[in-house]
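Start at 1 with the first residue, then count along the sequence. Model, not experiment: these values are computed from the prediction.
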Amino acid sequence: MTLTQELQVILFKPQGSIDLEGGKTLSEQMAGVMPQADQLWVIDLAEVNFMDSSGLVPLVKGLKAARQSGCRLVLCNVQAPVRLILELTQLDSVFEIFHTYEDIFTTVKDNSLVLAG
């Protein structure tokens, strides 16, 4: 008998601006899901065209909650204005960032799910 555990993916797709209001919405969505050790949280930023410093709060809180639970949180499809704020705050070196949603899984298959701690 073979037991295979599939990776459970939780996908968040915020839209528009992640500012004080948009960040609050994202925080509420993320708070509604309990992170678990076998989950991969993906925040797809393809439809986010603006983020300010208050929008970073839910991302950092989400990453902290995920890591404490042994869950993995990654970002993908980061648009130029959002990438800039991540680079200016040096959070681009804290988050795992992938170009596309598909890239996450080609990389995951090549690497074991190791959490940077």
Side-chain angles (χ1 to χ4, degrees):
M1 179 164 99
T2 306
L3 179 65
T4 306
Q5 185 172 357
E6 288 296 318
L7 190 63
Q8 185 181 359
V9 178
I10 308 295
L11 178 63
F12 299 94
K13 289 190 79 163
Q15 296 174 323
S17 296
I18 301 182
D19 47 17
L20 190 58
E21 193 60 38
K24 186 178 173 194
T25 303
L26 180 58
S27 282
E28 289 168 358
Q29 288 177 341
M30 292 171 69
V33 181
M34 284 301 297
Q36 296 171 12
D38 61 343
Q39 289 178 337
L40 171 64
W41 283 18
V42 178
I43 302 179
D44 186 339
L45 298 171
E47 296 180 35
V48 174
N49 52 21
F50 174 81
M51 179 187 294
D52 64 13
S53 57
S54 61
L56 295 172
V57 174
L59 294 182
V60 173
K61 281 186 174 178
L63 182 64
K64 185 177 179 190
R67 284 185 174 172
Q68 286 175 339
S69 302
C71 172
R72 182 175 177 211
L73 183 145
V74 301
L75 307 178
C76 69
N77 293 316
V78 180
Q79 303 305 303
V82 176
R83 183 172 290 279
L84 180 62
I85 196 93
L86 290 170
E87 289 171 358
L88 288 171
T89 57
Q90 297 184 342
L91 287 172
D92 60 323
S93 62
V94 175
F95 286 96
E96 285 184 83
I97 302 175
F98 295 89
H99 289 288
T100 67
Y101 183 77
E102 292 74 24
D103 285 351
I104 298 166
F105 300 99
T106 54
T107 307
V108 167
K109 287 175 187 155
D110 296 340
N111 302 323
S112 60
L113 283 176
V114 176
L115 291 173

Report whether [X] and [Y] are members of the same hydrophobic cluster (ILVMFWY, side-chain heavy atoms less than 4.5 Å apart, transitive linking).
X: Ile18; Y: Val57; result: no
X: Leu26; Y: Phe50; result: no
X: Leu84; Y: Ile97; result: no
X: Phe95; Y: Met30; result: yes
X: Leu20; Y: Ile43; result: no

Can you name the closest pair of heavy atoms from [X] and [Y] and give their distance?
X: Leu73; Y: Ala66; value: CB-CB, 4.0 Å
X: Trp41; Y: Gly62; value: CZ3-O, 4.4 Å
X: Arg72; Y: Phe98; value: NH2-CZ, 3.7 Å
X: Gly23; Y: Pro58; value: O-CG, 3.5 Å

Is any side-chain heavy atom of [X] less than 4.5 Å from a side-chain heavy atom of [Y]?
X: Met51; Y: Leu56; result: yes
X: Leu86; Y: Leu75; result: yes
X: Leu91; Y: Leu59; result: no
X: Val42; Y: Cys76; result: yes

Output the distance between atom [atom1] ([X]) and atom [atom2] ([Y]), rounded to the nearest 0.5 Å.
X: Ser54; Y: Lys24; atom1: OG; atom2: NZ; result: 12.5 Å
X: Met34; Y: Ile10; atom1: CE; atom2: CD1; result: 12.0 Å
X: Asp44; Y: Lys13; atom1: CG; atom2: NZ; result: 4.5 Å

Note to self: If you apply the rule side-chain contact (heavy atoms from CB on, under 4.5 Å), what do you find for Leu63 with Arg67, and how did you get there?
What the structure shows: CA-CA 6 Å; Leu63 182 64; Arg67 284 185 174 172; 3.8 Å; yes
Notebook entry, point to check: Would Ser17 and Asn49 count as a side-chain contact (heavy atoms from CB on, under 4.5 Å) if you check the C-alpha gap in whole Å, the side-chain angles of each, and the deciding distance to 0.1 Å?
Noted result: CA-CA 6 Å; Ser17 296; Asn49 52 21; 3.9 Å; yes
Next item on the list: Quick one: do Phe105 and Leu40 satisfy side-chain contact (heavy atoms from CB on, under 4.5 Å)? Show the steps, please.
Entry: CA-CA 10 Å; Phe105 300 99; Leu40 171 64; 3.9 Å; yes
Check: So, the side chain of Gln90 versus the backbone of Leu88: is there a donor-acceptor pair under 3.5 Å, distance only?
Finding: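 No, the answer is negative, given that no donor and acceptor are paired below the 3.5 Å cut-off.
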